[in-house]
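Just below is one structure, and these are the notes that go with it.
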Amino acid sequence: MGMCLPCLGGASEDYDQPDPETRRRQAAEAAEKRKSDQDKKGIKDPEALKQKQKRLAELEKKQELAGNRNEQDGLKWQMG
């Protein structure tokens, strides 16, 4: 009940507060770490997953380009 804590007494000169830029950087680093940890949660091999996602994205892009070519060819055929 009778605890006397220096932080409640206004003894802030004992503690150096980091400047706002340092605090922002630390907060950004902490957020990045939390995001990284969340992304890895439940995944045995995160690198393999990234590679698979990259391959899928490239495949979708190729399919989209092929679809665009077919549509353009179709338009030329209809017009000519």
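Quantities reported herein were computed from a predicted structural model and do not represent experimental measurements.
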task: Just jot down the side chain to side chain contact (heavy atoms under 4.5 Å, CB included) partners of D19, sequence neighbours excluded, or say none.
output: E21, T22
query: Looking at CD of E32 and CG of D37, how far apart are the two atoms once the value is rounded to the nearest 0.5 Å?
result: 10.5 Å
query: Taking side chain as C-beta onward, heavy atoms only, is K52 less than 4.5 Å from R55?
result: yes
For E47, all residues meeting side chain to side chain contact (heavy atoms under 4.5 Å, CB included), sequence neighbours excluded: D45, K50
field: Euclidean distance, K33 NZ relative to E29 CD, rounded to 0.5 Å
entry: 11.5 Å
- prompt: Rounded to the nearest 0.5 Å, what separation is found between the CD atom of Q26 and the CZ atom of R24?
  reply: 12.0 Å
Crowding at CZ, R23 (>12 non-hydrogen neighbours, <6.0 Å): no
task: Please list, chain by chain and in numerical order, all residues satisfying side chain to side chain contact (heavy atoms under 4.5 Å, CB included) with Q63, sequence neighbours excluded.
output: L59
